[in-house]
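Side chains included, hydrogens not; waters and symmetry mates left out as well; all remaining heavy atoms used. Being a predicted model, the structure only gives us computed values, none of them experimental.
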Amino acid sequence: NNDTEDEERLWRDLIMERVTKSADACLTAINIMTSPNMPKAVYIEDVIERVIQYTKFHLQNTLYPQYDPVYRVDPHGGGVLSSKAKRAKCSTHKQRVIVMLYNKVCDIVSSLSELLEIQLLTDTTILQVSSMGITPFFVENVSELQLCAIKLVTAVSTL
């Protein structure tokens with residue numbers, strides 16, 4: 001039983017390391033694209049779409065469930081609790097790696113708003129970005145992300 005717990009912890013650490021490295025790669029790509037005087041060849045649509053997909057996935061599946069218990073799925077299939085009951089049972093302690101991911105995702109969202117001011121994007125990409133910018137306002141305990149989302153939604157609305 002102890003070996004299983006150690007193996008699970010190592011597996012979780014490996015996954016979070018890969019998630020963190022992916023967030024770094026997304027940030028690097030966005031930072032390059034938002035640097036001054038970049039040539040048009042730098043703005044690769046596929047890279048931008050993958051950054052948006054990565055960000056949306058980890059917001060929905062990693063960060064929102066960690067910060068707002070309403071977004072958590074009960075793995076044991078327990079009874080349906082109201083959102084107030086879920087929030088009352090929630091602990092506010094976050095793992096260091098989750099906080100790091102949260103900060104990186106905030107940076108990505110903020111940088112995406114800068115990218116919108118620089119580069120024209122396709123309609124489908126704009127729809128993805130706008131849904132990513134609106135969703136944080138329905139999640140509790142993500143105030144920094146909400147500030148970044150305001151900047152993103154403002155950039156989308158000025159297009």
Side-chain angles (χ1 to χ4, degrees), residues 11-75 80 82-84 86-87 90 92-159:
W11 185 249
R12 199 174 321 114
D13 289 347
L14 177 67
I15 290 171
M16 286 312 291
E17 180 182 338
R18 288 182 180 178
V19 167
T20 303
K21 285 183 181 181
S22 299
D24 288 337
C26 290
L27 262 174
T28 302
I30 291 292
N31 284 335
I32 289 170
M33 288 183 216
T34 56
S35 296
N37 304 320
M38 280 289 132
K40 291 286 183 192
V42 170
Y43 304 108
I44 302 169
E45 189 176 320
D46 189 47
V47 173
I48 296 168
E49 287 176 5
R50 288 184 187 264
V51 167
I52 293 167
Q53 286 175 347
Y54 172 88
T55 307
K56 282 185 74 169
F57 178 83
H58 283 291
L59 282 171
Q60 302 261 323
N61 298 299
T62 308
L63 296 175
Y64 293 161
Q66 285 292 318
Y67 283 86
D68 192 346
V70 171
Y71 289 85
R72 290 186 189 151
V73 176
D74 187 8
V80 178
S82 71
S83 58
K84 286 184 181 182
K86 281 185 176 181
R87 286 187 177 124
C90 175
T92 57
H93 176 69
K94 305 286 178 277
Q95 295 176 356
R96 185 180 61 85
V97 70
I98 295 294
V99 174
M100 272 183 13
L101 180 63
Y102 175 76
N103 290 329
K104 289 178 186 195
V105 166
C106 286
D107 290 343
I108 292 170
V109 170
S110 183
S111 295
L112 280 171
S113 63
E114 292 174 31
L115 182 64
L116 286 175
E117 296 170 5
I118 298 170
Q119 178 65 20
L120 211 63
L121 301 175
T122 63
D123 290 346
T124 55
T125 306
I126 295 297
L127 285 172
Q128 294 293 321
V129 168
S130 59
S131 72
M132 181 177 29
I134 292 171
T135 309
F137 298 109
F138 300 101
V139 182
E140 290 194 9
N141 304 317
V142 290
S143 55
E144 295 88 359
L145 181 61
Q146 289 171 343
L147 288 173
C148 297
I150 286 174
K151 188 176 174 186
L152 185 62
V153 170
T154 304
V156 168
S157 66
T158 58
L159 296 177

**Message:** With a 6.0 Å cut-off (strictly less than), is the heavy-atom count around CG of L120, excluding the residue itself, greater than 12?
**Reply:** no
**Asked** Does any N or O in the side chain of Y67 come within less than 3.5 Å of the main-chain N or O of E140, such that one atom is a donor and the other an acceptor?
**Response** no
**Asked** How far apart are the closest heavy atoms of G133 and P136, and which atoms are they?
**Response** O-CD, 3.6 Å
**Request:** Mark yes or no for whether Q53, through its side chain, and Q128, through its backbone, hold a donor-acceptor pair below 3.5 Å.
**Result:** no
**Asked** Are the side chain of T34 and the backbone of I30 linked by a donor-acceptor contact shorter than 3.5 Å?
**Response** yes
**Request:** Might you confirm whether atom CG of D46 has over 12 heavy atoms from other residues, nucleotides or ligands at distances under 6.0 Å?
**Result:** yes
**M38 side chain near I118 side chain, heavy-atom distance below 4.5 Å** = no
**Prompt:** Distance from L159 atom CG to E117 atom CD, nearest 0.5 Å?
**Reply:** 9.0 Å
**Asked** Can you check whether I44 reaches M33 side chain to side chain, under 4.5 Å on heavy atoms?
**Response** no
**Message:** Nearest 0.5 Å, please: how far is CZ in R96 from CE in M16?
**Reply:** 10.5 Å
**Prompt:** So which heavy atom on C26 is nearest to which on I108, and how close?
**Reply:** CB-CD1, 3.7 Å
**Request:** State which residues pass side-chain contact (heavy atoms from CB on, under 4.5 Å) with I15; sequence neighbours excluded, sorted by chain then number.
**Result:** W11, V19
**Fill in**
Scanning both residues in full, the closest heavy-atom pair of V109 with A149 reads CG1-N, 4.1 Å
**Item:** Intermediate values then yes/no, side-chain contact (heavy atoms from CB on, under 4.5 Å), L115 and Y43
**Value:** CA-CA 9 Å; L115 182 64; Y43 304 108; 3.8 Å; yes
**Request:** Applying side-chain contact (heavy atoms from CB on, under 4.5 Å), run through L116 and T158 and close with a yes or a no.
**Result:** CA-CA 9 Å; L116 286 175; T158 58; over 6 Å; no
**Prompt:** Can you find a pair of side-chain heavy atoms, one from N61 and one from Y71, that are under 4.5 Å apart?
**Reply:** no
**Item:** Polar side-chain atom of T28 near backbone of D24 as donor-acceptor pair, under 3.5 Å
**Value:** yes
**Prompt:** Hey, mind stepping through L63 and I98 against side-chain contact (heavy atoms from CB on, under 4.5 Å) and telling me if it holds?
**Reply:** CA-CA 7 Å; L63 296 175; I98 295 294; 4.1 Å; yes
**Message:** When you compare the side chains of E144 and Y102, does any donor N or O come within less than 3.5 Å of an acceptor on the partner?
**Reply:** yes
**Message:** Could you check whether any side-chain heavy atom of E114 comes within less than 4.5 Å of a side-chain heavy atom of K151, counting everything from C-beta outward?
**Reply:** yes
**Message:** Name the residue from L112, L127, I126 that meets the side chain to side chain contact (heavy atoms under 4.5 Å, CB included) definition with L121.
**Reply:** I126
**Request:** Output yes when a side-chain donor or acceptor of T135 lies under 3.5 Å from a complementary backbone atom of M132, and no otherwise.
**Result:** no
**Request:** Please check if the side chain of Y54 supplies one atom and the backbone of A23 the other of a donor-acceptor pair under 3.5 Å.
**Result:** yes
**Prompt:** Are K56 and S131 linked by a side-chain donor-acceptor pair shorter than 3.5 Å?
**Reply:** yes
**Asked** In Å, rounded to the nearest 0.5 Å, how long is the span from CD of Q146 to SG of C106?
**Response** 10.0 Å
**Message:** So, taking the atom named OG in S110 and the one named CG in L145, what distance separates them when rounded to the nearest 0.5 Å?
**Reply:** 10.5 Å
**Prompt:** Quick check: does any side chain N or O of T62 sit under 3.5 Å from a backbone N or O of L59, one acting as donor and the other as acceptor?
**Reply:** no
**Asked** Under the 3.5 angstrom rule, does the side chain of D68 hit a backbone N or O of Y64 as a donor-acceptor pair?
**Response** no
**Request:** Under the side-chain contact (heavy atoms from CB on, under 4.5 Å) rule, what do S111 and N31 come out as? Steps first, then yes or no, please.
**Result:** CA-CA 7 Å; S111 295; N31 284 335; 3.9 Å; yes
**Message:** Quick one about T122 and T125 (side-chain donor to acceptor, distance below 3.5 Å, no hydrogens or angles considered), yes or no?
**Reply:** yes
